[in-house]
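Below is one structure, written out as structure tokens; comments come after it.
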Amino acid sequence: MTDNNEIRTRFAPSPTGYLHIGGARTTLYNWLYARHCGGKFVLRIEDTDEVRSTADSVQAILDSISWMGMDWDEGPLDFEHEKGPMGSYYQMKRLPLYQQYVRQLLAEGKAYYCYCSKEELEAIRHSAQAEQRASYDGHCYKLTDAQKRQYEAEGRKPAVRFRMPDEGATVVPDLIRGDVSFENRLQQDLVIQKTTGGPTYNFACVVDDHAMRISHVIRGDEHLSNTPAQIQMYRALGWEPPKFAHLSMILGPDGTKLSKRHGATSVLEYRDQGFLAEALRNYLGLLGWANTESQQLFAPEELIRAFDLPGCQKNPATFDPVKLTWMNGEYMRKLAVPDVISRAEPFLMAAGLLPVRPGPTLEKVVALEQEKFKLLKDVPERVDFFYREAPPTPQADKVLRAPGVKDVLLGLAELLQVCAPFEDKALEAGIRQFCAQRGLKAGAVFHPLRAAVSGRTEGPTLFLMLEIMGRGTVVSRLQGAAAKLS
RNA sequence: GGCGCGUUCGUCUAGCGGCCUAGGACGCUGCCCUCUCAAGGCAGAGAUCAGGGGUUCAAAUCCCCUACGCGCCA
């Protein structure tokens with residue numbers, strides 16, 4: 001048996017596309033809150049839009065949530081399997097339930113059939129606007145039996161509307177915004193069952209949130225306006241409404257709602273760009289929520305412990321990929337070397353660095369470069385030159401073409417052929433001595449050396465890099481670079 | 001158009017009437033460290049708290065109006 005006071009949250013996506021950043025944050029906050037309270041997190045698929053819902057979308061959403069490291073206690077496991085005691089968590093498999101309650105409301109006179117056509121509705125809306133009323137006037141509520149028979153005879157298929165009170169106000173007690181009051185006479189009688197017989201979003205959502213014993217509905221701002229109607233539905237059905245918390249939305253850099261034209265918006269895209277799930281989670285956790293210390297970095301358990309609804313922001317937040325990237329770098333640096341390698345595996349494979357190539361071990365080169373990784377895809381990029389010689393970058397090329405460099409490289413090649421042991425300290429000593437002998441400044445030797453050997457002007461600490469690269473590679477690259485300078 | 005929500009450095013935010021000449025983080029600039037690049041350390045620029053009225057001895061904080069942005073009705 002479930003405990004009556006149990007905290008239960010839910011995320012209820014429509015499977016009409018991938019999980020985007022906004023949805024991911026809503027999921028995260030529901031998940032965090034459930035975990036924070038020791039409650040349950042439920043996933044429900046709102047697939048009543050039959051034409052736009054797809055199995056692929058369901059899978060993409062499940063994959064996204066799982067990738068982000070969030071788990072759900074009840075809901076679909078894939079398109080066929082589900083877990084949890086509430087029957088199905090796909091709305092399309094729960095149709096009889098909605099119909100049952102529609103019948104109940106109809107029988108109690110709390111809902112009514114509406115026969116209006118699109119055109120008629122349009123006309124009603126027009127006059128309603130002029131008269132400052134709700135955009136549906138309850139036209140069909142006032143129908144006589146004769147009129148109803150008439151419509152039926154015409155073969156009209158009715159929708160079902162929920163009857164809103166004419167007077168008073170409905171207060172939405174919102175955990176983030178406080179009490180928000182709506183005048184009932186301005187609320188229209190919402191359709192709860194479409195002419196096709198399927199439930200509308202607002203109704204299915206009420207029925208399911210109640211049936212699934214959801215205690216806290218944490219969702220996007222865009223649903224706030226529908227909430228008074230939903231609250232009335234709860235009351236009409238004799239149910240206690242859940243607690244509500246409406247999250248502000250996420251904006252793109254130009255201040256409009258985050259969308260595809262701002263670049264990547266899908267969680268999976270961020271994964272594929274080499275972001276770490278824990279960094280995305282941390283960043284999203286902070287986008288619209290903060291604790292009083294303005295703490296930035298949260299270990300997973302720490303976020304769960306700290307998260308609470310009152311800390312949620314009322315105003316919309318702009319998504320900042322730059323800060324996300326910084327945060328990702330923070331997490332990249334904290335990872336153990338073997339973890340960096342295993343997490344970067346897809347990127348290493350794509351770059352042809354896995355299976356391992358001849359040369360130093362990945363552990364060695366990754367350890368050497370780790371402090372510079374911001375994204376997983378940086379791993380192959382920064383490490384590649386240990387395994388493959390690439391043409392020098394323009395900056396490196398410039399360094400190599402400076403006067404006298406050829407002699408320096410040849411001299412170094414000679415030196416490094418014999419310098420022993422071929423390790424960090426000894427190499428540094430040998431090369432510094434080489435500088436002194438030739439009366440060269442350290443920089444005049446170090447920079448060309450780095451450029452010749454790695455093809456770059458920046459990289460890991462020089463002597464350790466040489467050691468790891470190995471005598472053979474170092475010497476041959478020096479000779480090769482010198483040869484190209486003739 | 002109606003209703004609703006929102007408005008603190010470029011961005012994310014702290015702030016719940018005196019501790020605010022507004023704090024932190026990202027980004028930016030400079031310095032230090034240094035074989036480069038990062039990382040790190042230090043310093044700095046950056047917000048008349050959307051604007052205007054109140055209330056109060058005292059307001060970013062409470063109230064009202066306006067503007068702008070966003071959402072829902074669509």
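Lettering of chains follows the sequences in order, A, B, ..., and the numbering in each one begins at 1. Below, each value reflects all heavy atoms present in this structure, side chains not excepted, and no hydrogens, waters or symmetry copies.
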Side chain of A:Trp326 - closest among B:G71, B:C26, B:C3: B:C26
Side-chain donor/acceptor of A:Arg177 to base of B:C5, under 3.5 Å: no
Minimum-distance nucleotide to A:Gln313 side chain [options: B:A14, B:C35, B:G40]: B:A14
Mate of B:C73 where both pairing distances stay under 3.5 Å, Watson-Crick or G-U: B:G1
Nearest-neighbour nucleotide for the A:Lys314 side chain, B:G6, B:C3, B:C26 considered: B:G6
Sugar-phosphate, base or nothing in reach of A:Leu286, heavy atoms under 4.0 Å: sugar-phosphate
Touch class at under 4.0 angstrom, heavy-atom based, for A:Glu330 against every strand present: sugar-phosphate
Pair partner, B:U48 [Watson-Crick or wobble, under 3.5 Å]: none
Could you list, one pair per line, each protein nitrogen or oxygen that sits under 3.5 Å from a nitrogen or oxygen of nucleotides 43-49 of chain B, together with the distance?
none

A:Arg382 bridged to A:Glu369 by N-O distance under 4.0 Å: yes
B:G41 to B:A50 separation - P atoms, rounded to the nearest Å: 32 Å
Closest to the A:Ser294 side chain, choosing from B:U36, B:G23, B:U11: B:G23
Nucleotide of B:G6, B:U11, B:G4 approaching A:Asn315 most closely (side-chain heavy atoms): B:G6
Pairing nucleotide - B:G27, Watson-Crick or G-U, each distance under 3.5 Å: none
Spacing of A:Leu297 atom CG relative to B:U13 atom C1', expressed in whole Å: 15 Å
Closest to side chain of A:Met249, choosing from B:U36, B:C70, B:C26: B:C70
Cation over ring face, A:Arg25 and A:Tyr29, 6.0 Å, 45°: yes
A:Glu458 or A:Thr292, whichever maps to the more 5' nucleotide of RNA chain B: A:Thr292
Sole candidate of A:Asp47, A:Asp208, A:Asp49 that passes side-chain hydrogen bond (donor to acceptor under 3.5 Å, both in side chains) when paired with A:Gln91: A:Asp208
Atom C1', compared across B:A22 and B:U48: separation rounded to whole Å: 12 Å
Under 3.5 Å: donor-acceptor pair, side chain of A:Asn282, backbone of A:Phe298: yes
Closest to side chain of A:Ala290, choosing from B:U13, B:C5, B:U36: B:U13
Ring centroid separation A:Tyr115 to A:Tyr141 under 6.0 Å: no
Rounded C1' spacing from B:A67 to B:A74 in Å: 26 Å
Spacing of A:Gln296 atom CD relative to B:U11 atom P, expressed in whole Å: 16 Å
Residues A:Lys243, A:Asp174: salt bridge by 4.0 Å N-O rule: no
Of the listed nucleotides B:G27, B:C72, B:G4, the one nearest the side chain of A:Phe182: B:G4
SB check A:Arg235 A:Glu240 (cutoff 4.0 Å): no
Interatomic distance, A:Phe319 CZ vs B:C26 P [rounded to whole Å]: 17 Å
Nucleotide nearest A:Ala317 (side chain, heavy atoms from C-beta), chosen from B:C72, B:C35, B:U13: B:U13
Same-atom distance (C1') from B:C35 to B:G44, integer angstrom: 29 Å
Touch class at under 4.0 angstrom, heavy-atom based, for A:Pro228 against every strand present: nothing
Polar side chain donor-acceptor pair, A:His20 to A:Ser259, under 3.5 angstrom: no
Toward the 5' end of RNA chain B, by each residue's nearest nucleotide, A:Gly288 or A:Arg432: A:Gly288
Who pairs with B:G40 - Watson-Crick or G-U, where each distance is under 3.5 Å: B:C32
B:A39 and B:G46, which share atom name C1', separated by this distance in whole Å: 25 Å
C1' atoms of B:C19 and B:A60, separation to the nearest Å: 15 Å
Under 3.5 Å donor-acceptor, A:Lys110 side chain and A:Ala236 backbone: yes
Atom P, compared across B:C32 and B:U13: separation rounded to whole Å: 36 Å
Nucleotide paired to B:C20 in any strand shown, Watson-Crick or G-U, under 3.5 Å: none
Identity of whatever pairs with B:A67 - Watson-Crick or G-U, under 3.5 angstrom: B:U7
Under 3.5 Å side-chain donor-acceptor pair for A:Gln187 and A:Thr170: no
B:C33 and B:C70, which share atom name C1', separated by this distance in whole Å: 48 Å
Listed nucleotide nearest any side-chain atom of A:Glu222, set B:U36, B:A38, B:C72: B:C72
Atom-pair distance (CD on A:Glu293; P on B:G23), nearest Å: 17 Å
Sugar-phosphate, base or nothing in reach of A:Thr325, heavy atoms under 4.0 Å: nothing
